[in-house]
Amino acid sequence: MNKLLITVSTAIAGLSLSAADAPKKADSNVLWEVTGENIKVSPTNQGDAWRTSAFTIEATKDKKGFIFKSDSAKKHYSTGKYMKLSPEYPWFCWKITDVKPLKGYRGLTMGNFVGLDCNTVGMVSRVLPGYYAVNIARNSKLTKPRDAFLRIDQHGFITTFGYMKMVKKPDFYIEIDSESIKADKPVKPGEEVTFTLNLKNPAEEASLSFYKSYTMPKMKINGVSMLMMKPVDKEKKVWVAKVKINSLSPEYKKGKPYPRNAIIVKADVELEDEMISVLTSMPVAVDVK
């Protein structure tokens with residue numbers, strides 16, 4: 001069965017995949033997926049295994065996810081693995097279902113594909129559960145199929161993941177655009193930024209909030225801590241908010257712009273039968289001087 005999955009995935013992606021990373025079912029939208037059913041671990045980076053010299057990695061009891069358990073007794077704090085990448089599958093997605101903080105320094109950084117200079121999501125002191133999606137091909141060095149080492153750093157948390165995967169189109173994701181962002185330049189003071197929330201399922205309501213990635217205080221844009229979004233399609237699967245950013249609080253550093261990825265963007269979404277959070281990071285710096 002694994003051989004069949006590998007063959008189908010290879011034909012789709014033009015890349016060879018290990019059995020450990022092949023989707024459970026052949027899916028043209030998914031390049032690879034890490035789940036509680038296929039995750040492999042080793043004290044070192046051997047073959048298809050994730051390194052456990054920094055923290056414990058194990059599947060959940062029901063195999064529906066996997067857990068990263070930090071250990072302050074260990075001097076290392078990162079794991080990783082070489083993964084197949086392609087511009088055809090630009091979205092790195094993961095779902096965090098539960099987070100338990102431990103004593104001491106706490107932090108989690110996801111999406112660091114070494115050497116690509118791509119967008120990442122990093123949070124210090126607090127990690128928010130939800131659906132995450134980052135376009136690692138946008139304004140990065142991912143211009144053709146290649147391997148890259150995915151490094152994940154974690155301090156002081158027990159984090160439960162539903163999955164990690166590379167896809168063409170995520171189930172839930174936020175796109176962020178402006179004239180400066182299109183040119184891969186910092187957002188200018190007073191520039192209008194468009195936030196587009198894309199959903200697999202229809203929503204009843206959606207709103208945006210923002211967090212400073214370092215220590216995760218909730219932010220205010222133009223003195224407001226929440227932006228309401230409006231649906232732009234009949235199915236209510238696409239929601240948009242536009243704002244001209246004139247001020248940000250708290251400041252990053254006095255007189256300094258917020259660096260790329262230093263603002264976490266979170267959409268709180270009311271679906272028909274549940275509330276979910278969809279998260280990403282600002283893909284460029286934001287200057288409000």
Side-chain angles (χ1 to χ4, degrees), residues 1-13 15-43 45-52 54-70 78-86 88-100 108-113 120-121 127-136 147-154 157-173 200-201 274 276-280:
M1 184 65 176
N2 281 339
K3 290 183 179 179
L4 174 60
L5 289 173
I6 297 168
T7 302
V8 174
S9 298
T10 302
I12 293 169
L15 298 168
S16 60
L17 298 177
S18 70
D21 303 321
K24 186 177 180 181
K25 295 181 181 179
D27 187 342
S28 62
N29 188 55
V30 181
L31 177 57
W32 51 257
E33 183 172 12
V34 180
T35 69
E37 293 184 338
N38 66 11
I39 195 165
K40 295 182 179 180
V41 299
S42 169
N45 287 115
Q46 295 179 349
D48 296 325
W50 294 80
R51 184 178 65 233
T52 57
F55 41 78
T56 303
I57 302 173
E58 61 187 23
T60 56
K61 290 182 180 180
D62 60 8
K63 303 292 184 180
K64 292 183 178 180
F66 52 92
I67 303 170
F68 286 2
K69 294 183 179 180
S70 294
S78 69
T79 188
K81 185 171 176 288
Y82 277 95
M83 310 300 287
K84 296 291 182 181
L85 300 177
S86 169
E88 293 183 56
Y89 298 80
W91 290 94
F92 177 50
C93 307
W94 64 99
K95 181 183 179 183
I96 295 179
T97 60
D98 187 65
V99 184
K100 291 183 174 62
L108 176 67
T109 300
M110 300 287 296
N112 181 11
F113 290 90
T120 62
V121 173
V127 169
L128 303 175
Y131 294 88
Y132 289 78
V134 178
N135 188 333
I136 68 164
D147 291 354
F149 188 81
L150 171 56
R151 172 173 169 160
I152 298 172
D153 289 45
Q154 178 177 280
F157 286 113
I158 300 174
T159 308
T160 303
F161 294 83
Y163 57 75
M164 291 187 292
K165 57 186 177 181
M166 292 297 311
V167 302
K168 289 181 179 179
K169 182 180 179 181
D171 292 335
F172 307 100
Y173 64 108
K200 178 178 69 172
N201 304 319
E274 65 175 331
I276 65 169
S277 296
V278 183
L279 303 101
T280 192

Considering only heavy atoms from C-beta outward, does the side chain of V121 approach that of L279 to under 4.5 Å? no

Query raised in the report: Taking T35 for the side chain and Y163 for the main chain, is one N or O donor matched with an acceptor at less than 3.5 Å?
Result: no

Closest non-hydrogen atoms of G36 and A59, given as atom of the first, atom of the second and distance, are O-CB, 3.3 Å

Residue set satisfying ring-ring contact (aromatic ring centres under 6.0 Å, His included) with Y132, at least two apart, ordered chain then number -> W94

Q. Ignoring hydrogens and geometry, is there a side-chain-to-backbone donor-acceptor pair from Q154 to F68 under 3.5 Å?
A. yes

Q: Indicate yes or no for a side-chain donor-acceptor contact from T79 to the backbone of I152 under 3.5 Å, with no hydrogens or angles considered.
A: no

Output for pair (M164 CE, F66 CZ), nearest 0.5 Å, gives 4.0 Å

Steps toward side chain to side chain contact (heavy atoms under 4.5 Å, CB included) verdict (M166, L85):
CA-CA 8 Å; M166 292 297 311; L85 300 177; 4.1 Å; yes

**Prompt:** Can you find a pair of side-chain heavy atoms, one from N29 and one from K169, that are under 4.5 Å apart?
**Reply:** yes

Heavy-atom nearest pair, K165 first then D171, reads NZ-OD2, 4.2 Å

*Side-chain donor or acceptor of T52 paired with backbone N/O of T56 under 3.5 Å*: no

Candidate pair L150 and W50, rule side chain to side chain contact (heavy atoms under 4.5 Å, CB included), full reasoning:
CA-CA 10 Å; L150 171 56; W50 294 80; 3.8 Å; yes

If only atom types and distance count, is the side chain of R51 paired as donor or acceptor with the main-chain N or O of S78 below 3.5 Å?
yes

Tightest non-hydrogen contact, residues F149 and K81, listed as CE1-N, 3.4 Å

Evaluate the side-chain proximity of L108 to I96: yes if any heavy-atom separation is below 4.5 Å, no if none is. yes

Scanning both residues in full, the closest heavy-atom pair of M83 with V34 reads CE-CG2, 4.3 Å

| Do K95 and Y131 have a side chain donor and acceptor closer than 3.5 Å? | yes

Taken in chain and number order and not counting sequence neighbours, the residues that satisfy side chain to side chain donor-acceptor pair (under 3.5 Å) with K100 are D98

Output for pair (I39 CD1, F161 CZ), nearest 0.5 Å, gives 9.0 Å

For C93 and V167 the tightest heavy-atom approach is SG-CG2, 3.7 Å

Legend entry - Backbone of K84 reached by a side-chain donor or acceptor of W32 within 3.5 Å: yes

How about T109 and R151: does a side-chain donor come under 3.5 Å of a side-chain acceptor? no

Between the OG1 atom in T60 and the CD atom in E37, the distance rounded to the nearest 0.5 Å is 9.0 Å

| field | Criterion side chain to side chain contact (heavy atoms under 4.5 Å, CB included) on M110 and F92, from CA distance to verdict | value | CA-CA 9 Å; M110 300 287 296; F92 177 50; 4.2 Å; yes

### Message
Keeping T280 on the side-chain end and V134 on the backbone end, is there a donor-acceptor pair under 3.5 Å?
### Response
no

Looking only at heavy atoms, the pair that brings S28 and Y89 closest together is O-OH, 3.2 Å

When rounded to the nearest 0.5 Å, the distance separating CD1 of I136 from CZ of F113 is 4.5 Å

